[in-house]
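Residue numbering restarts at 1 for every chain, and letters A, B, ... go by the order of the sequence lines.
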Amino acid sequence: MGGSLNLNHLLFLLQGAGWTVVLSVLALVGGGILGFAVALCRVSASRAVRLVSGGYVQLIQGTPLLVIMFLTYFGLPAIGFRISPLAAAGASLTIYVGAYLGEIWRGAIQSVPRPQWEAAEGLALSRTQRMTRVILPQAVRIATPPTVGFFVQIIKNTSLASVVGFVELARSGQIINNSLFEPFLIYSIIAVIYFVLCYPLSRLSRRLERRAGQGRGQTLAPA
Amino acid sequence: MSPAPTSATGQDPAVRLSDVHKSFGTNKVLDGVSFDVPRGSVTTIIGRSGSGKSTALRCIDRFERIDRGEITVCGHRVHEPSLDLRALRLDVGIVFQSYNLFPHLTVEENIILAPTAVKKMPKAEARELARRVLAQVGLEEKLHAYPEQLSGGQQQRGAIARSLAMQPKVMLFDEVTSALDPELTGEVLKVIEQLAADGMTMVLVTHEMAFARGIADQVVFMHRGKVHEIGPAAILSSPATQELAQFVGTGL
Ligand SMILES: Nc1ncnc2c1ncn2[C@@H]1O[C@H](COP(=O)(O)OP(=O)(O)O)[C@@H](O)[C@H]1O
Ligand SMILES: [Mg+2]
């Protein structure tokens with residue numbers, strides 16, 4: 001044991017950072033798909049669908065991500081489902097992110113002014129057409145800044161995957177520190193890497209917010 | 001399938017309200033409203049704020065459901081649960097007080113959306129149509145502008161053009177000029193006057209008394225959820241009731 005920080009250690013940290021990115025992307029894609037479905041369910045015409053999706057959001061928002069991770073990684077095998085650390089972390093993040101993005105996007109959909117919904121109705125557009133052609137394109141513009149901002153939180157939250165034995169950035173730092181005993185140096189490096197991952201997104205989020213405030217007449221992303 | 005609209009004979013009014021009642025909670029907003037709008041004619045609804053004008057208009061296009069009574073629009077029995085809502089809205093165009101062109105679409109895209117999506121009109125044909133209806137409202141040069149680049153008056157004319165592109169049989173207007181600066185009001189009213197001259201059946205809620213008088217074949221004066229006085233535009237010059245006299249007196 002012991003020794004000093006060398007290139008191999010740094011490469012190991014970068015590999016951990018790579019897994020942090022992989023987890024974050026998994027969480028965004030999985031959580032994004034689930035969140036989109038949740039948002040649509042939350043504004044559904046059916047009361048039952050609204051209630052069930054609302055219950056899901058309440059349940060997840062009232063549960064720490066850490067507990068969701070424990071439940072999928074240790075809980076599922078206990079009732080007979082074996083699951084890898086990556087799958088457990090990915091699934092947990094998807095479930096967690098889906099609830100929060102669903103809520104952010106529901107808010108965005110509902111903040112499209114009522115006259116816009118009625119104008120679309122008055123033109124005889126079907127419910128699906130109203131959603132896809134009128135409401136969602138406007139909701140996307142409203143939702144983009146908070147979504148990017150939330151993604152920054154996700155990147156940092158992936159560090160919790162270390163509790164299920166997944167070696168991402170924070171865990172790889174721990175491992176190296178266990179052999180080098182240079183906690184200040186190593187965790188400073190870890191912090192810098194997280195910062196490098198998150199800062200551009202934070203900047204982007206703030207820029208988008210300013211732009212949304214000005215309200216340019218162009219779509220950011222058509223639905 | 002819901003029942004097909006009864007075929008229109010020349011005698012059927014385009015819109016008929018019979019003893020329409022509507023409450024929001026305990027607030028009785030329409031209290032037995034009845035009037036007919038003959039085909040090709042213009043009816044203006046006037047009255048104090050809160051008298052139920054907008055609600056009456058919104059009931060015609062089934063944005064509100066009524067509690068009691070009957071509404072028939074171009075053969076559609078609006079009060080019945082079996083109403084074919086889409087068919088109703090194909091026959092009725094509505095323009096609201098607030099600007100509601102879709103902000104993420106250009107004026108042209110706003111106009112061709114419903115014809116292409118609902119009527120499956122080919123895009124080229126819809127673009128041609130967009131040019132025509134924009135010419136009708138004097139907005140040809142704004143084809144590719146976004147709503148936020150337009151004045152309030154231009155936005156309202158754009159919204160009228162968007163409705164016209166669906167070739168409705170009846171047009172409803174709810175105080176479409178009341179959010180506008182006075183100097184922009186005229187351009188919108190002129191467009192509506194031209195529509196009237198072209199024979200469009202229209203129901204319009206307005207507080208522009210001179211305009212209401214000039215354009216109306218029939219004036220409906222609403223007061224506390226009731227049709228308090230109804231008749232030709234001349235009733236504005238010689239009101240039969242004290243309430244209308246007072247309203248006209250303060251409204252001018
Ligand atoms: N969606 C609604 N929910 C509850 N009350 C409403 C609603 N729409 C209108 N009202 C009430 O109905 C009354 C008549 O409103 P409205 O038809 O808008 O009158 P007007 O257009 O003549 O000013 C008002 O007291 C208003 O507050
Ligand atoms: Mg009103």
Side-chain angles (χ1 to χ4, degrees), chain A residues 36 39-40 43-47 104-148 207-223, chain B residues 54 57-58 60-64 84-107 109-120 144-150 155-156 158-168 170-174 179:
Chain A
F36 185 66
L40 289 183
V43 299
S44 158
S46 152
R47 198 176 130 79
I104 292 174
W105 292 347
R106 175 199 59 77
I109 288 171
Q110 289 182 336
S111 69
V112 175
R114 217 181 132 71
Q116 291 283 313
W117 297 70
E118 293 194 335
E121 252 188 280
L123 289 167
L125 295 169
S126 70
R127 192 177 160 79
T128 311
Q129 288 167 340
R130 297 197 296 265
M131 262 299 168
T132 58
R133 310 293 295 274
V134 177
I135 303 304
L136 289 180
Q138 296 186 56
V140 165
R141 288 185 53 193
I142 299 168
T144 301
T147 301
V148 174
R207 247 195 36 221
L208 289 170
E209 237 156 65
R210 272 203 303 275
R211 245 207 5 223
Q214 290 162 359
R216 286 263 356 125
Q218 61 210 4
T219 32
L220 286 170
Chain B
S54 296
L57 202 73
R58 290 167 58 81
I60 295 173
D61 207 9
R62 240 286 299 264
F63 279 106
E64 309 290 351
D84 182 347
L85 201 52
R86 188 172 162 280
L88 171 71
R89 269 131 190 205
L90 280 172
D91 283 344
V92 179
I94 187 163
V95 183
F96 301 95
Q97 172 178 358
S98 59
Y99 313 144
N100 50 37
L101 284 176
F102 305 132
H104 61 295
L105 301 177
T106 63
V107 170
E109 289 164 343
N110 262 278
I111 293 173
I112 69 174
L113 173 59
T116 53
V118 179
K119 292 185 169 175
K120 310 294 173 209
H144 300 296
Y146 282 96
E148 61 166 5
Q149 299 166 323
L150 304 181
Q155 292 193 43
Q156 287 301 56
I160 294 171
R162 184 175 65 183
S163 271
L164 288 176
M166 290 299 276
Q167 291 158 328
V170 177
M171 287 280 290
L172 310 175
F173 296 88
D174 189 0

Identify which part of [X] has an atom lying under 4.5 Å from any heavy atom of chain A, answering side chain, backbone, both or neither.
| X | result |
| --- | --- |
| B:L90 | both |
| B:V92 | backbone |
| B:R58 | side chain |
| B:L172 | neither |

Honestly, the part of A:Q129 sitting under 4.5 Å from a heavy atom of chain B is side chain
Residue pairs meeting salt bridge (charged side-chain N to carboxylate O under 4.0 Å, His left out), one or both in residues 121-139 of chain A, sequence neighbours left out, come to A:E121-B:R89
Nearest heavy-atom neighbours spanning [X] and [Y]:
| X | Y | value |
| --- | --- | --- |
| B:L101 | A:Q116 | O-NE2, 3.1 Å |
| B:A117 | A:L125 | CB-CD2, 4.0 Å |
| B:F102 | A:A119 | CE2-CB, 4.0 Å |

Tell me whether A:E118 contacts the main-chain N or O of B:F63 through its side chain, where contact means a donor paired with an acceptor under 3.5 Å. no
Of B:I94, B:L113, B:D61, B:L85, the largest count of non-hydrogen pairs under 4.5 angstrom with chain A goes to B:L113
For residues 104-114 of chain A against chain B, heavy atoms under 4.5 Å, the residues are A:R114
